[in-house]
Q: 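Quick one: this structure, given as structure tokens, is what I'll be asking you about.
Below, read A as the first sequence line, B as the second, and so on, with proteins coming before strands; counting in each chain starts at 1. Hydrogens, waters and symmetry mates are skipped; everything else that's a heavy atom, side chains included, is used.
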Amino acid sequence: MSDFRPTFRPALGAKTAITSAEVKLSALPEGAIVQVLAPPGEQDVASFLSGLGKGGVRTFSPGQWLIVGDEPMTQEDMKTLFETLEPRATGVDQSAGRARIRIDGKQAGRVLSKGTALDLSADAFPVGRSATTLIGHIAAHITRIDSDSFELIVLRGFAESLWDDLTRMSAEYR
Amino acid sequence: MASLVPCPHCGARPKEEFTVKGAAQVRPAPDTDKKSWVDYVYLRENPRGRYEEFWHHTSGCRRWLVVIRDTATHEIESSCDAAFAGQTDART
């Protein structure tokens, strides 16, 4: 066995949350993120996943979903979940691969609009809607979790960079 | 080039999210003659007007699309998923 031991630290551990009246930026707990892939033609997968009660279900792309939870999942739990998904879908553990950022406040939508071409108006992007898009040059997954709150899921290695971008994008509202 | 590309899964998105592969041609049968393969691999029409291309929604749904656009006016006539045409909206 190697002497090298990886140091576990949160992707955004070095960042301080931004709290102002107009916009708030915070790192969400690094719990569990499971990517679910279903074969074409499989029906009602989203409701099946919600029914499992393992966390929030986010649409990722056609035939793909993310299950996100604030609590980390043990290897045993993860294995059980993967077995429950079969044969309708296949799960991939993304908990260490992606980080979650939360942005709230009256100006949250405006901050994001500086980086993405996505229409974030309440009509086009209602609560619960998700989309994968670019924020600046970084690919990110946006979900509206409340009228003025968004959850961003980003590849872990890009999390700090996206955080810095969001800090700069929100500067005028602080 | 058109700046907004209609994705059948994601709606209108900026072209920066996409990667263009080129003409959407039908792949010849493996045992077909050499001329057809040379045509398929190297030769392109380059028309002024309607053109069918493969576009990959790299920073979005990551699906391969067939986009029909006009090379002169930049207008996009239609787009569909390369694998399953006419799939319903996946955003909900």
Q: Can you list the steps and then say if Thr132(A) with Glu17(B) is a side chain to side chain contact (heavy atoms under 4.5 Å, CB included)?
A: CA-CA 10 Å; Thr132(A) 315; Glu17(B) 290 189 6; over 6 Å; no

Q: Checking Ile138(A) against chain B: side chain, backbone, both or neither under 4.5 Å from a heavy atom?
A: neither

Q: Drop me the distance from Glu16(B)'s CD to Thr133(A)'s OG1, to the nearest 0.5 angstrom.
A: 10.5 Å

Q: Would a single hydrophobic cluster contain both Tyr51(B) and Phe54(B), if residues Ile, Leu, Val, Met, Phe, Trp and Tyr are joined by side-chain heavy-atom contacts under 4.5 Å?
A: no

Q: Is the number of heavy atoms from other residues, nucleotides or ligands under 6.0 Å of Lys79(A) NZ greater than 12?
A: no

Q: Flag yes if Val57(A) and Val34(A) sit in one hydrophobic cluster, no otherwise; membership is Ile, Leu, Val, Met, Phe, Trp, Tyr, and two members link when side-chain heavy atoms are under 4.5 Å apart.
A: yes

Q: Answer yes or no: are there more than 12 heavy-atom neighbours, outside Asn46(B) itself, under 6.0 Å from its atom CG?
A: no

Q: Taking the side chain as every heavy atom from C-beta outward, state whether Arg63(B) and Pro62(A) have any atom pair closer than 4.5 Å.
A: yes

Q: Does Arg88(A) have more than 12 heavy atoms from other residues, nucleotides or ligands lying within 6.0 Å of its CZ?
A: yes

Q: Indicate the atoms forming the closest heavy-atom contact of Leu134(A) with Ser59(B), along with that distance.
A: CD2-OG, 3.3 Å

